[in-house]
Trainee: 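Pasting a structure below so you can have a look.
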Amino acid sequence: MELADVPAQPVKKRNRMKLDAKIPEGPIQEKWSRYRNKLKLVNPSNKRKFRVIVVGSGLAGASAAATMSELGYAVDCFCFQDSPRRAHSIAAQGGINAAKNYPGDGDSIYRLFYDTVKGGDFRSREANVHRLAEVSGLIIDQCVAQGVPFAREYGGLLDNRSFGGAQVSRTFYARGQTGQQLLIGAYSALSRQVASGNVRMFTRMEMLDVVVVDGRASGIVTRNLVTGEVESHAADAVVLATGGYANVFFLSTNAMGCNVTAAYRAYKKGAGFANPCFTQIHPTCIPVAGDHQSKLTLMSESLRNDGRVWVPQQVGDTRPPNEIPDAERDYFLERKYPSFGNLTPRDVASRSAKEVCDEGRGVGKTGLGVYLDFRDATARMGRDTVAAKYGNLFDMYQRITDENPYQVPMRIFPAPHYTMGGLWVDYNLMSTVEGLFVIGEANFSDHGANRLGASALMQGLADGYFILPATIGNYFAQLGISHQTVSPDHAEFKQAEQGCTTRLNRLLNASGNRTVDSFHKELGRIMWENCGMSRNAEGLEKALQQIPELREEFWKNVKVMGAGEELNLSLEKAGRVADFLEFGELMCRDALTRNESCGGHFREEYQTPEGEAVRDDEQYCHSAVWEYTGDDAVPIRNEEQLEFEYVELALRSYK
Amino acid sequence: MVSQNQLFRTGPLASVLAKIGVAITGGGLILFVLAHMFGNLQVFLGPDTFNLYAYKMQHMVLLWPARIGLLAIFVAHMGLVFLLTRQNSVARPVGYASYEPIQSTVASRYMLQTGVVILLFVVYHLLHFTLHRVHYPDSTVGFAAQIEYQTPPYVGQQMHNAYDMVVYSFQQPVVALVYVLAQLFLAAHLWHGGQSLFQTIGMKNENRRALLTRVGPLLAMVVLIGNCSIPIAVLLNILQASSTA
Amino acid sequence: MHFTLKIWRQENADVAGGIQTYEVDDISGDTSFLEMLDILNDQLESDGGLPVAFDHDCREGICGTCSLMINGTPHGPETTTTCQLHMRSFQDGDTIFIEPWRAAAFPVVRDLVVDRSAFDRIIRAGGFVSIDTGSAQDANNTPIPKDDADYAFDAATCIGCGACVAACKNASAMLFVSAKVSHLAHVPQGDAERRGRVLSMVDTMDAEGFGSCTNYTDCEAACPKAISTDHIAVLNREFIRAKIGRTT
């Protein structure tokens with residue numbers, strides 16, 4: 001790799017990786033439009049000569065595959081699920097932000113941009129975030145045109161709500177199933193392209209490696225999950241839309257299949273991994289009930305619009321919640337953050353819940369829970385209105401816990417939910433590997449150290465519908481039409497296939513006596529305890545010792561039943577857990593080397609006496625980009641300096 | 001061409017079209033069943049009225065076109081059901097070890113069986129009352145096949161003694177029982193078919209659903225009571241023969 | 001709690017399968033049905049057996065991946081998905097039959113896993129609005145009556161799990177197909193292609209080998225999203241309209 005400075009920025013450290021963000025010149029409002037006018041174009045009749053692989057079929061993947069196909073590129077789309085419609089974007093509940101300002105309450109592109117930068121605790125890239133805010137409105141237009149049934153008012157126009165602490169109503173929603181409706185929209189657009197023959201859809205296919213030939217991403221190696229076949233697929237560019245890695249915690253709100261494998265393999269092939277320690281712990285999840293639990297269920301943050309969060313004032317107060325008088329309740333969010341109250345951003349709300357539980361005031365059997373109470377909301381709005389707004393969430397809660405939230409307060413506890421970190425990308429959404437693009441949750445770009453509610457759907461669709469299809473054309477134009485797609489018989493592919501097969505066989509032949517899940521659970525415990533809602537150097541150092549030991553035991557003692565040439569769910573899981581066992585270490589390393597508290601990353605050493613996060617803009621106003629240097633070598637921490645020209649670096653206060 | 005998009009393709013006989021055919025022919029057959037029932041209930045108005053009704057039906061100008069039309073509807077109904085049933089039977093080649101219907105009615109699940117019983121009954125019914133080949137009463141029980149009409153303006157007109165044919169037939173308990181049982185099957189068939197057809201032709205919606213769903217059971221009860229009233233009235237001696245041979 | 005499980009095991013599509021009996025113990029009522037199967041699989045793997053393959057992913061009732069015919073009812077006794085079903089819905093000592101969805105159009109892949117790609121092919125036949133990215137007008141240019149939007153939403157909540165097919169005595173996919181037809185028939189954006197859409201989707205449904213609809217309505221009772229068979233009436237209406245409507 002080339003030694004280079006990040007140009008025009010105060011360089012504190014010499015990076016080994018070349019981290020040129022390629023931010024266009026000009027005032028921030030004009031960067032994207034000017035840049036788009038300058039992007040090189042591919043002649044329409046030549047587009048079909050370029051083949052692009054899209055891995056993942058969630059909001060980002062499906063929208064990108066569909067749009068690139070509409071433009072005329074040949075697209076191969078892969079997903080490990082049995083249908084592209086099942087990607088985990090489908091589970092997003094609350095809504096999608098857009099700076100439409102339909103309610104006329106003062107919203108604008110600038111405000112959405114500002115809120116997102118501030119919400120991300122000043123660890124995101126200004127130019128990217130502004131572009132996100134710019135295209136946010138187009139997303140709504142596009143989705144409505146696809147027939148997405150957003151909530152409407154009686155006049156027939158779109159309804160908006162305030163969400164996740166925003167002080168304007170800019171969130172579009174479809175009951176509690178916004179992610180589902182948007183994904184079905186993207187899936188239908190993708191289906192149309194599959195029908196046209198322009199997209200080849202590969203389901204139940206898991207990407208095991210990315211293949212880089214002469215420094216360019218040239219294809220992927222997959223395992224057919226039904227037949228077990230390991231195959232190569234070549235293309236002129238590879239797009240990873242493979243989501244986040246919250247399952248490193250074992251218990252998270254992610255789907256069981258969500259994994260870091262694709263991103264981690266890309267990292268091992270030279271793509272920088274940025275800010276892996278930036279993970280989001282969502283405050284409104286249903287608390288853990290027992291050891292058998294396989295996942296945590298999120299309830300929409302919109303519940304905090306009307307529900308009030310509290311715990312008993314006294315430690316050890318075990319009275320049923322309805323018997324505790326108001327005077328003996330601590331509405332801790334309202335007390336600590338009077339102006340935002342129950343609507344403080346996720347990281348703040350989660351940490352506050354953890355604090356009161358650490359004080360011993362947590363509720364429920366495990367003591368790991370706080371109340372979310374609709375008593376006052378019901379008195380104010382009436383039970384019917386509460387039911388109309390939150391009925392489906394209440395039903396879900398009751399189904400899982402067997403408690404009736406109309407009668408007793410819900411119990412909630414934070415759970416890993418989203419990961420802001422991801423593969424580093426430049427303004428074109430290209431990683432440090434030429435021709436390897438990363439979109440959606442899989443990249444690191446727009447949310448900084450903390451993501452605001454209703455912004456994930458926005459980012460996934462912005463990347464997929466509007467940004468990548470424009471910037472990838474520039475890449476293809478640079479390749480030129482004389483460019484030859486690498487053959488899948490190329491030695492690099494064969495070698496990658498060989499590597500994947502060897503690894504699968506190692507897992508199958510380990511013949512130990514511990515199940516894959518038991519390793520995953522143990523890793524999850526280490527991560528949650530030491531790299532969860534709050535972190536400290538001691539814990540992280542301990543984790544950095546424990547994880548390699550666990551990994552070593554895994555390869556010696558894991559037990560994977562069945563064969564490789566068949567549908568084998570344990571083998572799939574084992575491969576993913578093996579990657580988590582390496583990735584977890586990277587996450588802890590990143591957390592340990594970021595000596596500040598910002599957003600979702602809270603280091604106990606860096607807090608005010610009142611327990612508020614202390615950011616260190618002197619030292620850490622950068623993205624940490626990790627570079628793989630070998631299995632046994634310590635990865636290199638590179639830095640991309642962040643500059644804030646349009647939003648003043650300020651203390652993020654929600655008081 | 002109907003399809004506007006080259007991505008869309010359409011085939012010859014869609015299952016939905018066949019279903020609509022079943023619904024429409026079923027609707028036609030329901031109208032026939034009702035007309036037939038109300039015609040027959042004239043038996044309670046006395047021999048002259050009933051015999052004249054039978055006479056007029058026999059001598060209707062469009063008797064054969066009507067018969068052929070009815071037969072065509074009947075055959076179409078069965079033919080389409082045959083096609084759909086074949087489609088349904090290959091749609092689930094391996095059955096369940098444990099299968100619990102959730103809210104479907106028994107009537108809906110046994111439409112094919114009740115339909116077959118109805119078909120057999122119709123054959124019997126035609127052999128009996130139309131072609132006079134089985135269980136047709138004869139003079140040994142006192143039945144006179146021809147009778148002179150008594151009421152103006154047809155006084156003296158010779159007519160088929162349909163009234164007595166009905167009465168003498170149903171005085172045989174076996175015959176009465178066959179008819180009553182057949183009506184139970186017909187009622188079951190109508191219970192589902194009488195409302196299902198509104199769904200198939202797209203008439204149901206959120207507002208009309210409750211109402212239209214009641215049509216089937218209502219129809220079934222009306223036809224069951226109406227049609228069974230005749231053999232039962234004969235058995236209870238409420239209807240008695242008008243003459244003896 | 002203790003349960004006796006009668007589970008369909010089948011190595012792959014090409015070999016015959018059969019019901020096997022397993023016992024699980026110490027199951028808490030708060031365990032979800034799939035977690036109970038996780039426990040069984042843990043047990044099987046520890047004993048050197050092959051775990052039972054079943055489809056699942058989000059485990060919060062929205063992705064539509066999980067399936068399972070439980071005691072003869074899709075997704076078991078509650079109106080929800082299998083992943084949101086909890087063992088408290090069963091009695092201690094119950095025998096539970098667990099089988100895959102059964103339909104010619106849903107061939108078994110392994111054990112309880114079936115191939116539902118037929119649903120994807122039906123959607124490809126017309127379950128979309130032909131709009132290229134970037135060409136949309138402002139979202140509020142076309143008001144949609146709230147009732148229509150809500151009704152479209154009710155249909156659009158379909159998660160494509162296939163319970164309707166599994167529940168139907170005829171293995172008919174009409175509820176699935178009608179949900180998409182009805183969704184797009186109730187928003188103006190779907191208008192331009194409504195005739196071709198319904199004909200093409202029905203055609204593909206037939207070609208995939210699903211049965212026909214005889215209005216049992218078990219599908220709506222099995223549907224975890226409680227999608228009403230009223231949408232099937234909508235499909236029928238759309239179909240008639242497409243057949244007898246203007247052909248130019």
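Order of the sequence lines fixes the chain letters, A, B, ..., with proteins taken first and strands second; residue numbering starts at 1 for each chain.
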Trainee: On a heavy-atom basis, which atom in C:K180 and which in A:I184 lie closest, and how many Å separate them?
Mentor: NZ-CG2, 3.5 Å
Trainee: Would you please test A:D82 and C:R116 for side-chain contact (heavy atoms from CB on, under 4.5 Å) and show each step?
Mentor: CA-CA 7 Å; A:D82 70 328; C:R116 286 169 289 194; 3.3 Å; yes
Trainee: Which atom pair, heavy atoms only, marks the closest approach of C:P51 to A:S570?
Mentor: CG-OG, 3.5 Å
Trainee: Taking every non-hydrogen pair under 4.5 Å, which of A:G562, A:A91, A:A87 racks up the most with chain C?
Mentor: A:A91
Trainee: Please determine whether the number of non-hydrogen atoms from other residues, nucleotides or ligands lying under 6.0 Å from atom CG of A:D291 exceeds 12.
Mentor: no
Trainee: If you check every heavy atom in residues 65-72 of chain A against those of chain C, which residues fall under 4.5 Å?
Mentor: A:T67, A:E70
Trainee: Tell me, please, which residues at least two apart from C:R88 pass salt bridge (Lys or Arg N to Asp or Glu O under 4.0 Å).
Mentor: A:D402, C:D30
Trainee: Taking atom CD of A:Q142 and atom CG of C:D132, what is their separation to the nearest 0.5 Å?
Mentor: 8.0 Å
Trainee: Would C:D154 and A:R175 count as a side-chain contact (heavy atoms from CB on, under 4.5 Å) here? Give the steps.
Mentor: CA-CA 10 Å; C:D154 288 343; A:R175 282 183 220 165; 3.1 Å; yes
Trainee: Specify which of C:P188, C:G49, C:A13, C:S28 makes the most heavy-atom pairs with chain A at under 4.5 Å.
Mentor: C:G49
Trainee: In terms of heavy-atom proximity below 4.5 Å to chain C, should A:Q146 be classed as side chain, backbone, both, or neither?
Mentor: both
Trainee: Are the side chain of C:D120 and the backbone of A:S191 linked by a donor-acceptor contact shorter than 3.5 Å?
Mentor: no
Trainee: Considering all heavy atoms of both residues, which atom of C:A139 and which atom of A:R152 are nearest to each other, and what is their separation?
Mentor: O-NH2, 4.4 Å
Trainee: If you round to the nearest 0.5 Å, how far is NE2 of A:H292 from OG1 of C:T31?
Mentor: 4.0 Å
Trainee: Could you list the residues that satisfy salt bridge (Lys or Arg N to Asp or Glu O under 4.0 Å) with C:R102, not counting sequence neighbours?
Mentor: none
Trainee: In chain order, what residues pass the ring pair (Phe, Tyr, Trp, His ring centres under 6.0 Å) check against A:F466, with sequence neighbours excluded?
Mentor: none
Trainee: Could you walk me through whether C:H86 and A:T401 satisfy the side-chain contact (heavy atoms from CB on, under 4.5 Å) test, starting with their C-alpha distance in whole Å, then the side-chain angles of each, then the deciding distance to 0.1 Å, before giving a yes or no?
Mentor: CA-CA 10 Å; C:H86 289 78; A:T401 61; over 6 Å; no
Trainee: Taking only Lys NZ, Arg NE, NH1 and NH2, and the carboxylate oxygens of Asp or Glu, determine whether A:K100 and C:D138 approach each other closer than 4.0 Å.
Mentor: yes
Trainee: Pick whichever of A:V144, A:D141, A:I90, A:N513 has the most heavy-atom pairs under 4.5 Å with chain C.
Mentor: A:D141
Trainee: Pick from A:Y102, A:F172, A:Y465, A:Y154: which one has the most heavy-atom pairs with chain C under 4.5 Å?
Mentor: A:Y102
Trainee: Which answer fits C:V129, side chain, backbone, both or neither, if we ask what part of it has an atom under 4.5 Å from a heavy atom of chain A?
Mentor: both
Trainee: As an exercise, state the distance from OG1 of A:T515 to CG of C:L44, rounded to the nearest 0.5 Å.
Mentor: 12.0 Å
Trainee: Identify which part of A:L569 has an atom lying under 4.5 Å from any heavy atom of chain C, answering side chain, backbone, both or neither.
Mentor: side chain
Trainee: If you count heavy-atom pairs under 4.5 Å with chain A, which of C:I123, C:L50, C:V109 comes out on top?
Mentor: C:I123
Trainee: Between C:Q84 (side chain) and A:M396 (backbone), is there a donor-acceptor pair under 3.5 Å?
Mentor: no
Trainee: Is there a side-chain contact between A:V194 and C:R121 in this structure, where contact means two heavy atoms from C-beta onward sitting under 4.5 Å apart?
Mentor: no
Trainee: Looking at C:V187, C:I62, C:T142, which makes the most heavy-atom pairs under 4.5 Å with chain A?
Mentor: C:I62
Trainee: Hey, mind stepping through A:H88 and C:E60 against side-chain contact (heavy atoms from CB on, under 4.5 Å) and telling me if it holds?
Mentor: CA-CA 10 Å; A:H88 195 57; C:E60 48 188 274; 4.2 Å; yes
Trainee: Taking only Lys NZ, Arg NE, NH1 and NH2, and the carboxylate oxygens of Asp or Glu, determine whether C:D55 and A:R204 approach each other closer than 4.0 Å.
Mentor: yes
Trainee: In terms of heavy-atom proximity below 4.5 Å to chain C, should A:I140 be classed as side chain, backbone, both, or neither?
Mentor: both
Trainee: Closer than 3.5 angstrom, by distance alone: can the side chain of C:H183 be matched with the main-chain N or O of A:G147 as a donor-acceptor pair?
Mentor: yes
Trainee: Chain C: which of A:M201, A:Q193, A:Q177 shares the most heavy-atom pairs with it under 4.5 Å?
Mentor: A:Q177
Trainee: Hey, does the side chain of A:Q180 reach the backbone of C:C158 with a donor-acceptor pair shorter than 3.5 angstrom?
Mentor: yes
Trainee: Counting only heavy atoms closer than 4.5 Å, note whether C:I39 contacts chain A via side chain, backbone, both or neither.
Mentor: side chain
Trainee: Would you mind checking which part of C:Y151 comes under 4.5 Å of any heavy atom in chain A, side chain (CB onward), backbone (N, CA, C, O), both or neither?
Mentor: neither
Trainee: Top residue by heavy-atom pair count (under 4.5 Å) with chain A, among C:S46, C:A155, C:P145, C:S117?
Mentor: C:S46
Trainee: Any carboxylate oxygen within less than 4.0 angstrom of a Lys/Arg side-chain nitrogen, looking at C:D57 and A:K295?
Mentor: no
Trainee: Measure the spacing between CE of A:M256 and NE2 of C:H56 and express it to the nearest 0.5 Å.
Mentor: 5.5 Å
Trainee: Between A:R86 and C:I159 (side chain of the first, backbone of the second, donor and acceptor by atom type, cut-off under 3.5 Å), is there such a pair?
Mentor: yes
Trainee: With a 6.0 Å cut-off (strictly less than), is the heavy-atom count around CD of C:Q91, excluding the residue itself, greater than 12?
Mentor: no
Trainee: Does the side chain of C:D38 reach to within under 4.5 Å of the side chain of A:Q293, using non-hydrogen atoms?
Mentor: no
Trainee: Which heavy atom of A:P149 sits nearest a heavy atom of C:F153, and at what distance?
Mentor: O-CD1, 3.6 Å
Trainee: Which residue out of C:D150, C:N12, C:L34, C:D148 racks up the most heavy-atom pairs below 4.5 Å with chain A?
Mentor: C:D150
Trainee: Which answer fits A:Q93, side chain, backbone, both or neither, if we ask what part of it has an atom under 4.5 Å from a heavy atom of chain C?
Mentor: side chain
Trainee: Is C:Q137 in contact with chain A via its backbone, its side chain, both, or neither, using a 4.5 Å heavy-atom distance?
Mentor: backbone
Trainee: CG/A:N568 to CZ/C:R110 distance, rounded to the nearest 0.5 angstrom?
Mentor: 7.0 Å
Trainee: Taking atom CG of C:L85 and atom CZ of A:R399, what is their separation to the nearest 0.5 Å?
Mentor: 9.0 Å
Trainee: What option among C:I131, C:N140, C:T65 has the most heavy-atom pairs under 4.5 Å with chain A?
Mentor: C:N140
Trainee: Which heavy atom of C:F119 sits nearest a heavy atom of A:Y187, and at what distance?
Mentor: O-OH, 4.3 Å
